[in-house]
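Both counts, for ligands and for their atoms, begin at 1 and track the order of listing.
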Amino acid sequence: MRKNLLLIPGLFSLFVLGSCHTGTDPKLARVKHAIDVAQSQLELSSAEFDSLPGFPRSLMPKFKVVDAKDWTSGFYPGTLWEAYRLTGDEHLRAEAEKFTARLEGIQYYKGTHDLGFMVFCSYGQQQRTLHDAHSAEVIVEASNSLISRCDSTIGLIRSWDFGEWNYPVIIDNMMNLEMLFWASKYTGDPKYRDVAVRHADLTLKNHFREDASSYHVVSYNDDGTVESRGTFQGYADSSAWARGQAWGLYGYTMCYRETGDTKYLDHARRIASFIMNHPRTPADLIPYWDYDAPDIPDAPRDASAAAVMASALFELSTLVPDKELGRSYFDRAETMLMNLSTDAYLAPVGTNGGFILRHSVGHLPAHSEIDTPLNYADYYYLEAIDRYLALRGVAAQEL
Ligand code: GLY
């Protein structure tokens, strides 16, 4: 079904094994099938939403469609860009540009820390694909908006403006730092990077427990001392919410890539160890929505957490000097990716509202988005596929 296939430059080279043919490699055959499913699903959903405002976010069981200010607004355009790069499907590229343009005004929005998700997953992917100046300008402006949320005494970017907390910072916020590193590299101005590094350092100090699991929400007093540690979307204040562990793993892996500071690498390794050795991990490695959910083994799984973890572990596998350890991260991520790419999680074409993966959890304590597709599960799933193919030394058009 794919057409006009692109040559995708490999991101990594550690495990380059030479090109393989899907006929002789069942893992590559499974990935090829997943890309075909993604292409078909995105053709369906983009046709449905082409003339409607907003972005598809989930099924609950009806479509949840969100506007540009929703924290997930960048994922659907970003998924279209990823799918375009994997398939060369020019129609998907046109849709990607269309949906990305819907986010133009959000660069000036200062009401959330989620600007990294919203802008770097959409305009960031557009810039990565087209190398266009306009996307770069939008990303820099969004970075200005994001650093405006950093109080100079507290030293972290404030996450939310709602709730009873004095100054809430959530582990998810680590993901928004990638845009700031990019903005400093692009502009040559270190101010974005400086905010990102301080935020990462203070999060490392205050967000993590002895076992490297993280709290979801840490709130700060005005003098920078910790007001409280707890959760919002997890099972309990003391529990390990699965997606939070995934955000932390991905965030510190990315911080090491961007800075070369080994304390971030060490921390990413500790989080990976927590995840990979957790006794309440199911056989297929797709985590329950919270590692401490009381109804395990009947608790819902979170495919979104698995997709983020797999993508992060692929990258971490390239960054650790210990080759054996790197291989263990790669193997783990590969197994997770293969399991996500079975009928248990991958949607049959024409179902699932056009989303690619099934069985994620948004906000269980709020009874919201339980066992549903989520647009960010799809985004990180395609990113994981892209990283996997690069590590295998296989271009998508060879599949
Ligand atoms: N950033 C919100 C979430 O992970 O659900």
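Close contacts between ligand 1 and Arg243 involve ligand atoms 3 (C), 4 (O), 5 (O) [criterion: under 4.0 Å to a heavy atom]. Residue Asp172 has at least one heavy-atom neighbour below 4.0 Å for each of these atoms of ligand 1: 1 (N), 2 (C), 3 (C), 4 (O).
Remark: side-chain polar atoms of Ser273 are not paired, donor with acceptor, to backbone N or O of Arg269 under 3.5 angstrom.
Residue contact check for ligand 1: Trp241 places a non-hydrogen atom closer than 4.0 Å to it.
For Gln233, a nitrogen or oxygen atom sits less than 3.5 Å from a nitrogen or oxygen atom of ligand 1, counting backbone and side chain alike. When only interatomic distances are considered, the shortest N/O to N/O separation between Asp114 and ligand 1 does not fall below 3.5 Å.
Residues Phe314 and Phe330 bring their aromatic ring centres within 6.0 Å. Ring centroid separation for the pair Tyr215 and His207 does not come in under the 6.0 Å cut-off.
Residue Phe75 is tested with Phe117, Phe99, Trp81 for a ring-ring contact (aromatic ring centres under 6.0 Å, His included); the sole match is Phe117.
With respect to the salt-bridge test (charged N to carboxylate O, under 4.0 angstrom), the residues Glu258 and Arg193 do not qualify.
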